[in-house]
Every structure is written in structure tokens, then in C-alpha cells.
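Take a look at the structure set out below.
FYI, side chains are in, hydrogens and waters are out, and symmetry mates aren't considered; it's all heavy atoms of this structure.
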Amino acid sequence: MIHKAKKSLGQNFLKSEEALRAMISSGNVLNTDTIVEIGPGKGALTERLLAQGATVIAIEKDRDLLDILKDRFKDEVESNKLKIIYGDILEFDGAEYGLKEGEYKIIANIPYNITGSIIRKFLSETIQPKTMVLLVQKEVAMRIVARDNKESILSLSVKAYGDPKYVMKVGKRFFTPSPKVDSAIIAINNISKSNFQGDKKLEDKFFEVIRASFAHKRKVLRKNLEDVADADMIEDMFKELSIDAKARAEDLPFPTWLRITEFLHR
């Protein structure tokens, strides 16, 4: 069956053996693993996950691909090594499929247009994966790991829950159809909410603080923070935490943001 990629669903099918091997290796896929794959497409990555002995839950939004996948992996579906689910990943509830916090992995070539939404959903929800290996736009991957040593709301949001690592670049020529930009593989390991010590209010405060801090790029950090704290508190905090009065939000490393949040949460 011939299937034409659908632009509306952000479909770009990966055809790089090296990239597929890197995703498996970065995810340290074992035969005891349960893997959630987002947008399996025609099954290139699915095949390799199953070859490692993993159990795969594949969520596909393109109804036209369901028959292709079910035919290709008939034996694995019948043996319950593969579940193929028709649906939207942003509406996926892992509890319905027996997933438990820290006991599954996400490995996927995800649609570029919902990258941020996918990352937010799985890092912040109650049933977190223990590892995520994602193929995303190269520019997004570089922002997540702050390769230029400049933090952003995106990089800090990821680091709040796990340890991101840039794995490798994947050129646009390795996809069908070829996208307009290059991609990259990132791995996010050690996913948990330990930075917030189980305190939902502290977690919410962290995101309130970073959103305010990056709201106006031309302003120094202390001016942006006036939206969430009074000037005297900010003054005391800068002294206690030894933050440069002229510092901008992008210049502070992640651990300092945790200290800022804890100070303002007192």
C-alpha cells in the first residue's frame, strides 16, 4: 500500500539507519522495557524497538497508516508485544494502558509542530516516563541543551524534570519527504519531580518565575522579577544568592533558578 506523507500531521518519515541505531542506543532499550512510540508512521523505528525485545505502545493519528502497521507487525500485535492505538498523543492517558511513573520510556520521531506540547505533557504529568529520546528540529534540540550557554524557558522547563543530552544531528536528506530544516536526536534522562520535593506550589512557582523573568528580553532580570515580587525582596535575594545586579535571565544556570524559586516561595 502506498502512503503519501500528510503535511497537516507533520509527517516526515526517517530513513537513516544510523539515526535509528542512535535512538535505540540512547534509549538503552532492553527486552524488559515498555516503550511509547509517538507517530510510528510506517514502522521503521517500531521494527527496531521490537527487535530489542521491548513491548511497544504505538500511538498513530493517521488512520490510513493503521492497516499498514497492523499488516507489517501482525505477529507482534497477536502476541501483545505491540499495541497500535489510533489517537492523538496529546490526549493519551498512560494509566489506561497500565503505565506507571518511571517505568516506561518514550522513543519517537515526533511531529515538529507539537514538539513543545509533547515535552510539556510527559515531563509535567503524574505518570512520567523515566527516559525520553526524541527526534526534533535541530534548532529546538540546541535550545533545550543550551549549547550556546544561554538558557531559555524551554531549556529550563526540561532541566526542571530531567537531564537533557544532545545526541546527534540528522540531516534533512534523511527524511521522506525532506523537511526544510535539519533535525537532531536528544535524550532526556533521570526524569522525575525531585527538584520540587513533591511540592506542587513550588513547581508552579518555578514556572511563574521563569515566565516572568523571560517576558521582556531587553530588561535585566531584576526588573522582570518585579512582576512576581516586590523590589525589597528582590534586592535581598540578589544579595543572598550573589546574583549580579545586571544579570539577564538567559545568563543564569539552572541551579540558580531553583534557588531563586525557593527564595521567592518562602
Could [X] and [Y] be called an ion pair, given the rule that one side-chain N must be under 4.0 Å from one carboxylate O?
| X | Y | value |
| --- | --- | --- |
| E47 | K81 | no |
| K205 | E208 | yes |
| K172 | D182 | no |

Please lay out, stage by stage, how E103 and K130 fare under the test salt bridge (charged side-chain N to carboxylate O under 4.0 Å, His left out). CA-CA 6 Å; E103 294 186 8; K130 61 181 175 181; over 6 Å; no
With the 4.5 Å side-chain cut-off for hydrophobic clustering, are L264 and F214 part of the same group?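 Yes, same cluster.
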I106 and I85: same hydrophobic cluster, using ILVMFWY side-chain contacts below 4.5 Å?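 Yes: a chain of side-chain contacts under 4.5 Å links I106 to I85.
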Residues E250, K217; criterion side chain to side chain contact (heavy atoms under 4.5 Å, CB included); working and verdict: CA-CA 9 Å; E250 63 184 11; K217 288 189 175 182; over 6 Å; no
Is it the case that the side chain of [X] and the backbone of [Y] share a donor-acceptor pair, with hydrogens and angles ignored and the cut-off at 3.5 Å?
| X | Y | value |
| --- | --- | --- |
| D33 | L30 | yes |
| R248 | K219 | yes |
| Q52 | A54 | no |
| S79 | D75 | yes |
| Y104 | I127 | yes |
| E60 | G41 | yes |
| S26 | M23 | no |
| K105 | G27 | yes |
| N190 | G162 | no |
| Q128 | L123 | yes |

Identify the two heavy atoms, one from [X] and one from [Y], that lie closest to each other, and give their separation to 0.1 Å.
| X | Y | value |
| --- | --- | --- |
| P40 | I59 | CD-O, 3.3 Å |
| A247 | L252 | CB-CD2, 4.2 Å |
| N224 | A212 | CB-O, 3.3 Å |
| K42 | R72 | O-NH1, 2.6 Å |

If only side-chain N and O atoms count, and only distance matters, is there a donor-acceptor pair under 3.5 Å linking N189 with D163?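 No.
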Could you check L50, I107, V36 and say which one makes a side-chain contact (heavy atoms from CB on, under 4.5 Å) with V56?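 Single side-chain contact (heavy atoms from CB on, under 4.5 Å) partner of V56 among L50, I107, V36: L50.
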Given I38, which of I57, N109, I114, I89 fulfils the side-chain contact (heavy atoms from CB on, under 4.5 Å) condition?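 Among I57, N109, I114, I89, the one that satisfies the side-chain contact (heavy atoms from CB on, under 4.5 Å) with I38 is I89.
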CA sep, side-chain torsions, deciding dist, call: H265, D199, side chain to side chain contact (heavy atoms under 4.5 Å, CB included): CA-CA 11 Å; H265 186 59; D199 186 339; 3.4 Å; yes
Can you list the steps and then say if K159 with E151 is a salt bridge (charged side-chain N to carboxylate O under 4.0 Å, His left out)? CA-CA 10 Å; K159 291 175 182 178; E151 297 290 358; 2.7 Å; yes
So that I know where these two stand, are Y161 and F196 an aromatic pair - ring centroids less than 6.0 Å apart?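 They qualify: ring centres under 6.0 Å apart.
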Walk me through whether W257 and S213 qualify under side chain to side chain contact (heavy atoms under 4.5 Å, CB included). CA-CA 10 Å; W257 287 102; S213 298; 3.3 Å; yes
Let's go through E17 and R48 carefully: what are the C-alpha distance in whole Å and the side-chain angles of both, what is the deciding distance for side chain to side chain contact (heavy atoms under 4.5 Å, CB included) to 0.1 Å, and is it a yes or a no? CA-CA 10 Å; E17 290 295 331; R48 286 151 184 83; 2.6 Å; yes
